[in-house]
Amino acid sequence: MVTRRDKDLQDRLHLSSIQNKTPIEEWISNTIWFYDVLLKETTLLTKISSYNISEENIISQKEQVANLRVLRNTTFTEKGEAEEARRVRGEKLTDLEEYCYELKTIAKIALRGNPQLLEELGIKVYS
């Protein structure tokens with residue numbers, strides 16, 4: 001609203017590119033850049049102070065957006081770690097299933113004449 005009649009200021013702040021929908025990473029970078037440029041525009045800071053927007057408010061907003069970037073990166077890191085843990089878990093479960101299959105097969109051969117012992121191991125014996 002403050003810049004609507006000042007095309008030069010709008011261009012310096014790149015307001016048209018910030019308003020477009022962009023991926024969140026690009027939005028975060030653009031927003032931080034916008035706040036950096038805004039903080040250098042003393043004339044605009046004076047104008048928007050009448051709307052109770054101070055330099056401290058802008059710095060605080062910039063820090064919050066920067067924190068969003070950190071949180072987003074942390075989320076992606078943790079998501080990647082969780083996916084890797086699931087992959088490793090799946091591999092280990094597959095290995096365990098194969099080992100148990102081999103163990104059950106050996107037990108069936110070794111205890112062929114003792115179905116009660118097989119049942120104690122949890123192997124069902126069908127008559």
Side-chain angles (χ1 to χ4, degrees):
M1 185 173 81
V2 175
T3 66
R4 71 177 180 256
R5 292 190 182 110
D6 192 344
K7 179 68 174 147
D8 181 49
L9 181 59
Q10 290 176 1
D11 291 342
R12 286 197 315 269
L13 294 174
H14 293 260
L15 291 179
S16 61
S17 67
I18 290 175
Q19 292 172 354
N20 294 334
K21 290 185 178 180
T22 59
I24 189 71
E25 298 85 6
E26 190 175 335
W27 178 86
I28 290 170
S29 294
N30 286 342
T31 303
I32 290 172
W33 175 86
F34 169 76
Y35 285 135
D36 286 337
V37 172
L38 182 60
L39 289 167
K40 294 175 187 173
E41 294 287 339
T42 55
T43 306
L44 181 59
L45 288 174
T46 304
K47 287 181 181 179
I48 63 175
S49 67
S50 64
Y51 297 101
N52 291 328
I53 301 173
S54 67
E55 188 173 339
E56 292 79 23
N57 296 126
I58 295 168
I59 291 169
S60 174
Q61 292 295 318
K62 179 184 167 191
E63 289 171 354
Q64 289 178 22
V65 172
N67 189 41
L68 176 63
R69 176 184 280 163
V70 170
L71 292 173
R72 184 168 169 76
N73 290 340
T74 301
T75 300
F76 278 124
T77 300
E78 290 175 357
K79 183 179 176 184
E81 290 170 356
E83 288 175 2
E84 177 63 14
R86 277 192 297 277
R87 185 191 64 76
V88 169
R89 178 180 172 265
E91 286 178 1
K92 297 301 178 185
L93 283 174
T94 301
D95 292 346
L96 180 61
E97 288 173 5
E98 181 65 27
Y99 177 77
C100 288
Y101 173 76
E102 292 172 3
L103 186 60
K104 286 179 182 180
T105 302
I106 292 169
K108 286 178 184 178
I109 293 169
L111 301 173
R112 185 176 299 138
N114 296 315
Q116 293 85 6
L117 292 176
L118 285 172
E119 288 181 359
E120 283 183 31
L121 292 174
I123 300 170
K124 292 188 179 184
V125 179
Y126 299 101
S127 330

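Every value quoted in this text rests on a predicted model; they were computed, and no experiment measured them. Positions are given from 1, in the same order as the sequence printed here.
No continuous path of ILVMFWY side-chain contacts below 4.5 Å connects L103 to V125, so the two sit in separate hydrophobic clusters. Taking hydrophobic clusters as Ile, Leu, Val, Met, Phe, Trp and Tyr residues chained together by side-chain heavy-atom distances below 4.5 Å, L38 shares a cluster with Y51. Grouping the Ile, Leu, Val, Met, Phe, Trp and Tyr side chains by contacts below 4.5 angstrom, directly or via other members, places I24 with I32. Two different hydrophobic clusters hold I106 and L111 under the rule that ILVMFWY side chains link at heavy-atom gaps under 4.5 Å. Under the 4.5 Å side-chain heavy-atom criterion for grouping Ile, Leu, Val, Met, Phe, Trp and Tyr, V70 is not connected to W33 through any hydrophobic cluster.
A salt bridge is defined here as a Lys NZ or Arg NE, NH1 or NH2 lying under 4.0 Å from an Asp or Glu carboxylate O, and E25 with R72 meets this definition.
Interatomic distance, N67 CG to T74 OG1, rounded to the nearest 0.5 Å: 9.0 Å. Rounding to the nearest 0.5 Å gives a distance of 10.5 Å between NZ of K104 and OH of Y101. The distance from the CD atom of E119 to the CG atom of N114 is 11.5 Å, given to the nearest 0.5 Å. Rounded to the nearest 0.5 Å, atoms CD (E84) and CZ (R86) are 10.5 Å apart. In this structure, CD in Q64 is found 12.5 Å from CD1 in I59, a value given to the nearest 0.5 Å. Atom CG of L118 is separated from atom CZ of R112 by 10.5 Å, given to the nearest 0.5 angstrom.
Of the possible polar contacts, one joining the T46 side chain to the T42 backbone as a donor-acceptor pair under 3.5 Å is found. Judged purely by atom type and a 3.5 angstrom limit, N57 uses its side chain to pair as donor or acceptor with the backbone of S54. Looking only at distances, a side-chain donor or acceptor of S50 sits under 3.5 Å from a matching main-chain atom of K47.
When all heavy atoms are compared, the tightest approach of L45 to L39 is CD1-O, 3.5 Å. Contact record, A107 with L121: CB-CD1, 4.1 Å, taken as the closest heavy-atom pair. Pairing each heavy atom of K62 with each of Y35, the nearest pair is CA-CD1, 3.6 Å.
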- [ ] Report the C-alpha separation of L68 and W27 in whole Å, then their side-chain angles, then the decisive distance to 0.1 Å, and conclude whether the side-chain contact (heavy atoms from CB on, under 4.5 Å) test is met.
- [x] CA-CA 11 Å; L68 176 63; W27 178 86; 4.0 Å; yes

Open item on the list: Determine whether E55 and S49 satisfy the following criterion, side-chain contact (heavy atoms from CB on, under 4.5 Å), listing intermediate values before the conclusion.
Closed with: CA-CA 8 Å; E55 188 173 339; S49 67; over 6 Å; no

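Evaluation of the side chain to side chain donor-acceptor pair (under 3.5 Å) test over residues 89-100, restricted to residues two or more places apart or in two chains, returns R87-E91.
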